[in-house]
Structure formats: C-alpha cells, structure tokens
Amino acid sequence: MENICQVLNLMEKRTKGRRVIRYMKGTEVLDINGEEFFKMIRRHAHILKSKGVTGKHVGIIGKNSYLWLVNFCAVFQAGAVAVLLDRDLGNEELAELVSRVDLSVILYDASTEDAVQRMVCPMQVEILDMEEMASGKIHMDSNKVDEVSWEMTQKPEELSCIIFTSGTTMRNKAVMLSARAMAASVCTRVNGKIFKSLLAIMPFHHLSGFITVMNAMYLGAEICIGEDIKYFYRYLKYMQPDYVFVVPSMLQLLVKKLKNGGQNGCALGWNLRLITCGGATFCSDFLQMLQERKITVMQGYGASEAGGIGILWEMTSKRPDTLGKPPAEMSVRIENEELYLKSDSLMMGYYDDPEETEKVLRDGWYATGDLCRIDGDGYLYLTGRRKNLIILPNGENISPEEIENKLRNCEEIEEIMIDVEGNFIAAKVFPYYPAGSTEEQKAGIREKIGKIIEAYNGNLPLYKQVMKVHFFDRPFEKNTAGKIIRYHIAEGMV
C-alpha cells in the first residue's frame with residue numbers, strides 16, 4: 001500500500017454486505033453499511049473534484065461524526081491534501097492556521113459554522129457546509145458519481161495529510177504526512193488484540209482519533225462514533241463497543257465508574273473488554289481491579305510526528321510502568337538519554353518550517369524529546385520530557401513527570417502538575433472531591449493530600465522534595481485530546 005486511496009479501495013471490497021459505522025441521535029442507534037459509506041464518499045469526492053480541489057489543501061473542521069469521516073476519505077479520493085483542524089479554534093486562531101498551511105477550501109459543520117464564517121483571512125478560501133453537501137443542496141451531476149474511482153492516487157513521497165501537534169508544552173506545529181506514511185499508519189497490526197467494535201471518542205482531528213478509526217476499519221472492526229465526550233457512558237451502554245481508546249484523564253473516570261461495574265462493566269450495561277490509553281501510568285490496585293473485571297489495558301505511546309505506528313503494550317502488575325517493546329515496524333535508539341524513532345509512518349517535516357524540522361528529524365530518525373531508558377530485556381521506560389525538565393539553581397535536573405506519575409496514583413488526587421517556584425519544587429493539585437462533599441470534607445481531603453506528599457518526600461534529598469502545594473478548585477485547562485496544557489498553567493491561565 002503506497003497511498004490512502006489504495007487502502008480505501010481495499011476497505012470497500014472488504015466491507016460489502018456488512019455494517020461498518022454506528023452513531024447515535026439521542027438514544028437511537030443508526031447503522032451504516034459498507035455500500036452506503038463508500039457511495040457517500042464518492043458523492044462528496046465528486047463535489048470536491050468539481051470545485052477543482054485536486055492537488056490543493058482542503059481543511060476539515062467539525063465534531064466527530066459520520067459526515068466528518070465521509071469527507072476525510074472523500075478529500076483523498078478527490079486527489080487533495082487533507083488538513084485537519086481543531087473544532088475548538090476561535091475565528092482568529094483558525095484564520096492564522098488557514099493562512100499558514102495555504103488552504104483553498106474548508107469543509108465545516110454546524111458546530112464550527114460561527115468560527116468559519118467569522119474568520120478574516122488574507123487569502124481566498126472557499127467554505128463548504130458538509131451537511132449541505134450530504135443533503136444535495138450543492139448541485140452535482142449524479143450520473144457521474146459512479147465514475148469517481150480510486151484511480152486518483154498520490155505518489156508515495158507526496159504530501160497527503162497535515163495535522164497539528166497538540167501544543168501541550170508549546171505552540172502547535174503543522175505535521176506533514178506523506179502518502180506512504182498515511183498508508184503505513186493505517187495498515188498496521190500493532191494492536192494484536194481481537195476486538196469487534198471501537199468507540200471512537202478521541203477527536204478526529206488528532207492522530208490518535210482518525211488513525212485509530214481507520215486502523216480499526218482496516219482490521220475489520222465496526223466504528224461506533226462518539227460525537228461528544230459528555231455522552232461517553234451513553235455510548236458505552238447503547239452501542240456496546242468492546243474497545244475504546246482514551247487519554248489518562250478519561251481512564252481515571254472509567255476506573256472510578258467500573259469499581260461497582262461488574263465483569264466487562266455489565267452492571268452498567270457495558271460490554272467493555274479492551275482499553276488503550278495514551279501514556280497511562282497508574283497504581284497496581286487500579287490495574288488489578290480492571291483485570292478482575294476481565295478488561296485488558298493497553299498503554300499507547302507515540303507522537304504526531306511519528307505517524308500512526310507507535311508502541312502498544314499490555315499493562316501488567318509485573319511491569320506497570322514500562323512503555324513496552326517497539327513493534328516490528330518501528331526502530332528505536334536512545335542517544336544522550338533521548339528516545340529516537342524510525343518507521344514508514346514518520347512525518348516529512350513541519351509545513352513551511354525547515355528550521356524546526358531540522359531540530360527533530362536527523363538522518364531519517366525522529367528525536368522525540370522524551371527521556372527514556374531501556375532494560376536488559378529490551379523494555380523501554382519513560383523518565384521525563386526534555387522540554388519539561390526543571391533545572392534548579394543548584395544545577396540539578398528534575399523530571400516533573402516522574403513525580404506526577406507517582407503522586408497521581410492516589411485516589412485523592414484528580415490532577416497534578418509539578419513546577420518550580422524560586423529554588424523549590426511545587427505541586428499544583430486539583431483534588432478529587434466525591435459528589436456532595438461538604439467544605440469540611442474537602443478540607444480533610446486536602447489535608448490528606450498534604451500528608452501523602454510528606455510521605456512521598458520521605459528520605460529524598462531536599463532538592464527533590466515537593467516543598468509547596470497549591471490547590472485548584474477546578475480542573476486544569478486541556479486540549480481537545482484531554483491532555484493538560486502545561487504552558488497555560490505555568491502562565492497562570494487556570
């Protein structure tokens with residue numbers, strides 16, 4: 001497979017006569033079969049080709065939806081480059097990104113209409129309503145829809161998709177994925193577990209969102225689309241997916257919910273058997289509880305720059321803190337404690353930013369910025385992030401993640417971020433307050449957290465101890481993938 005069109009052609013042949021997509025309207029579950037899905041893709045690709053998008057950059061912005069997936073695939077069939085945009089962007093931010101990556105067309109939905117309509121962009125950009133395209137309001141020659149084929153392909157080395165980094169430690173960058181990288185990202189069996197249906201709750205504009213969906217479809221699974229995180233539990237109950245990909249904050253919610261949930265969450269009406277979590281580390285008691293409920297937990301490690309081939313590892317009580325071992329499709333090396341990755345899904349570079357590209361791409365390897373060690377058995381262990389390192393006045397380097405991972409395992413701590421104040425380490429904590437907690441009970445929880453941190457400090461050298469604790473009365477600001485935006489907290493924006 002050298003491009004995504006070849007992959008989609010294969011998927012179309014494989015999905016004939018069976019259900020491929022499920023989504024909800026209220027409490028009603030709607031089903032889409034393979035023929036319906038690919039017919040809709042052809043209709044939208046025909047509209048896009050009539051707009052002259054071939055070879056141009058087409059932005060997609062909207063909530064997770066069936067139409068989002070249709071248009072994502074249609075952009076490739078029309079021979080264009082898909083540019084995935086965060087639906088939570090304001091009109092000014094959106095205009096900046098549109099100009100930065102030279103968009104010609106933007107496909108949007110009702111949830112993003114206001115930002116798209118109000119943006120002021122110095123270049124001419126055509127905007128198309130995905131819902132109007134689906135309803136037939138945009139004129140098209142229906143007799144020519146069947147003529148749209150998968151023959152419109154890109155060369156393996158050509159640009160196929162642009163996504164943006166999550167921007168948790170700095171402003172986001174535009175990651176370029178080639179046609180080969182896209183195909184490699186989708187056509188992987190890194191997830192060796194068997195599952196029937198994926199709950200696609202991660203934002204589709206993120207790598208972990210759209211690649212997880214496309215890979216699941218490639219592997220023959222159904223896609224249950226989760227449009228809004230606030231209905232997370234409803235999706236689990238009504239669509240009955242057996243697999244879900246989440247981030248650590250979502251996993252913590254699931255763990256709390258599953259305490260009295262029975263095997264596979266059956267007491268809640270669920271059928272959950274497999275969870276993959278990006279960058280999860282949590283205490284062995286939580287892991288044991290999930291295992292007792294017959295739920296397997298996979299830890300995922302990757303980066304937008306590395307494309308869709310990452311490291312997936314089944315977490316066990318014997319090695320709860322390892323990233324695991326790299327898959328056959330990926331090469332790794334550690335240089336000056338930093339982890340380097342290499343695979344066919346690696347990015348081409350950052351769009352129109354050769355200086356930043358040169359910092360991270362070196363002789364075909366991607367420098368992750370993550371500090372790592374490897375043991376004698378070949379297991380990788382994340383020890384911190386180079387860009388997050390705290391350098392104290394005495395010259396000592398402290399990894400905030402190392403401290404955070406140990407303290408966030410406590411039930412009383414909902415979220416934590418380690419920072420530095422003057423010469424000392426400080427913790428910013430959002431406590432876990434059970435529903436209905438009184439002010440007195442909340443004070444007791446904060447006091448208990450203080451004692452937990454005192455116990456953590458133990459016999460550590462003074463410079464490694466957490467000397468200050470600040471409590472927050474609301475969760476930390478996060479991006480749409482659910483990851484804490486560190487620089488916002490550091491700037492006091494929470």
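Keep in mind the model is a prediction, meaning the values are calculated, not measured.
Looking at heavy atoms from C-beta onward, Ile311 lies in side-chain contact with Met330 at the 4.5 angstrom threshold. The shortest side-chain heavy-atom distance between Pro241 and Leu236 falls under the 4.5 Å cut-off. Contact annotation: the side chain of His205 never approaches that of Arg87 to less than 4.5 Å [non-hydrogen atoms, C-beta and beyond]. Put simply, the side chain of Leu382 does not reach to within 4.5 Å of the side chain of Leu380, judged on heavy atoms. Asn264 has its side chain out of reach of Trp270: every pair of non-hydrogen atoms, C-beta onward, lies at least 4.5 Å apart. Here the side chains of Trp365 and Ser331 are in contact, with some heavy-atom distance below 4.5 Å. No side-chain heavy atom of Asp86 sits under 4.5 Å from any side-chain heavy atom of Leu97. No side-chain heavy atom of Asn91 sits under 4.5 Å from any side-chain heavy atom of Asp114.
With respect to Glu92 and Arg118, no salt bridge is recorded, no charged nitrogen being found less than 4.0 Å from a carboxylate O. Salt-bridge formation is not detected for the pair Lys196/Asp242: no Lys NZ or Arg NE/NH1/NH2 atom is positioned less than 4.0 Å from an Asp or Glu carboxylate oxygen. With salt bridges taken as basic N to acidic carboxylate O contacts below 4.0 Å, none links Lys39 and Glu35. Between Glu356 and Lys359 there is a salt bridge, since at least one side-chain N of the basic residue sits less than 4.0 Å from a carboxylate O of the acidic one.
Taking both residues in full, the closest heavy atoms of Gly59 and Leu85 are given as CA-CD1, 4.2 Å, listed atom of the first, atom of the second, then distance. In plain terms, the two heavy atoms of Ile4 and Met182 that are nearest each other are CD1-O, 4.3 Å. Of all the heavy atoms in Ala181 and Leu346, the pair that sits closest is CB-O, 3.8 Å. Summarising the geometry of Pro327 relative to Ile309, their closest heavy-atom pair is CG-CG2, 4.3 Å, with the distance given to 0.1 Å. Closest of all the heavy-atom pairs between Cys161 and Val81 is N-CG1, 3.9 Å. Considering all non-hydrogen atoms of both residues, Cys187 and Val7 come closest at SG-CG2, 3.5 Å.
Put simply, CE on Met40 and SG on Cys73 are 12.5 Å apart, with the number rounded to the nearest 0.5 Å. We find the CD1-CD1 distance between Ile32 and Ile225 to be 8.5 Å, quoted to the nearest 0.5 Å. Interatomic distance, Arg362 CZ to Lys342 NZ, rounded to the nearest 0.5 Å: 14.5 Å. Expressed to the nearest 0.5 Å, how far NZ of Lys257 lies from CG of Leu254 amounts to 10.0 Å. Separating the CG atom in Leu312 from the SG atom in Cys277 is a distance of 11.0 Å, to the nearest 0.5 Å. Here the CG atom belonging to Asp109 is positioned 12.5 Å from the CE atom belonging to Met133, to the nearest 0.5 angstrom.
At least one donor-acceptor pair closer than 3.5 Å links the side chain of Thr165 to the backbone N or O of Lys173. No side-chain donor-acceptor contact under 3.5 Å links Asp344 to the backbone of Ala184. Distance alone, capped at 3.5 Å, is enough to place a donor-acceptor pair between the Thr54 side chain and the Ala78 backbone. A donor-acceptor pair under 3.5 Å is formed between the side chain of Gln299 and the backbone N or O of Thr322. In this structure, Arg293 contributes its side chain and Lys259 its backbone to a donor-acceptor pair below 3.5 Å. The closest donor-acceptor contact from the side chain of Thr368 to the backbone of Leu339 lies under 3.5 Å. A side-chain donor-acceptor contact under 3.5 Å links Ser185 to the backbone of Gly308. Side-chain atoms of Thr112 never come within 3.5 Å of backbone atoms of Tyr108 as a donor-acceptor pair (strictly under, hydrogens ignored). Asn3 contributes no side-chain N or O that, together with a main-chain N or O of Lys155, makes up a donor-acceptor pair within less than 3.5 Å. No donor-acceptor pair under 3.5 Å is formed between the side chain of Ser178 and the backbone N or O of Met348.
Here Glu28 pairs with nothing under the side chain to side chain donor-acceptor pair (under 3.5 Å) rule; sequence neighbours left out.
Between Trp313 and Tyr379, a ring centre-to-centre spacing shorter than 6.0 Å is recorded.
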Verdict with supporting geometry, Val101 and Asp352, side-chain contact (heavy atoms from CB on, under 4.5 Å):
CA-CA 8 Å; Val101 296; Asp352 197 27; over 6 Å; no
Run Met315 and Met298 through side-chain contact (heavy atoms from CB on, under 4.5 Å) and show every step you take.
CA-CA 6 Å; Met315 296 182 72; Met298 305 283 288; over 6 Å; no
Working for side-chain contact (heavy atoms from CB on, under 4.5 Å), residues Met24 and Tyr238:
CA-CA 9 Å; Met24 294 186 67; Tyr238 286 95; 3.6 Å; yes
With salt bridge (Lys or Arg N to Asp or Glu O under 4.0 Å) as the criterion, how do Lys193 and Glu314 come out once you've worked through the C-alpha distance, each side chain's angles and the decisive distance to 0.1 Å?
CA-CA 10 Å; Lys193 300 296 179 181; Glu314 182 174 347; 2.6 Å; yes
List the steps, then state whether salt bridge (Lys or Arg N to Asp or Glu O under 4.0 Å) holds for Arg42 with Glu12.
CA-CA 11 Å; Arg42 292 180 191 282; Glu12 182 176 17; 2.7 Å; yes
I'd like to know whether Val244 forms a side-chain contact (heavy atoms from CB on, under 4.5 Å) with Leu198, so could you lay out the CA-CA distance, the side-chain angles of the two residues, the decisive distance to 0.1 Å, and finally the verdict.
CA-CA 6 Å; Val244 64; Leu198 165 74; 5.5 Å; no
Can I get a per-line list of side-chain donor-acceptor pairs under 3.5 Å for residues 209-221, giving both atom names and the distance, sequence neighbours left out?
unit_1: Thr212; atom_1: OG1; unit_2: Ser208; atom_2: O; d: 2.4
unit_1: Asn215; atom_1: ND2; unit_2: Val186; atom_2: O; d: 2.8
unit_1: Asn215; atom_1: ND2; unit_2: Thr188; atom_2: O; d: 2.7

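When only modelled atom types and interatomic distance are considered, Asn71 and His44 share a side-chain donor-acceptor pair under 3.5 Å. No side-chain N or O of Asn191 forms a donor-acceptor pair with one of Arg189 less than 3.5 Å apart. Remark: the Tyr432 side chain and the Glu415 side chain contain no N/O donor-acceptor pair separated by less than 3.5 Å. Donor-acceptor pairing under 3.5 Å is recorded for the side chains of Gln154 and Ser160. Between Glu292 and Gln288, the side chains place a donor N or O and an acceptor N or O closer than 3.5 Å (distance only, hydrogens not considered).
Taking the six-membered ring where tryptophan is involved, the planes of Tyr66 and Tyr23 are essentially parallel, since the angle between them stays under 30° and well short of 60°. Taking the six-membered ring for Trp and thresholds of 30 and 60 degrees, Trp68 and Phe72 have nearly parallel ring planes, at less than 30 degrees apart.
Around CG of Leu30, the count of heavy atoms belonging to other residues, nucleotides or ligands within 6.0 Å exceeds 12. Atom NZ of Lys56 is surrounded by 12 or fewer heavy atoms from other residues, nucleotides or ligands within 6.0 Å.
Applying the ring pair (Phe, Tyr, Trp, His ring centres under 6.0 Å) test to residues at least two apart or on different chains, the pairs with a partner in residues 174-197 are Phe195-Tyr243.
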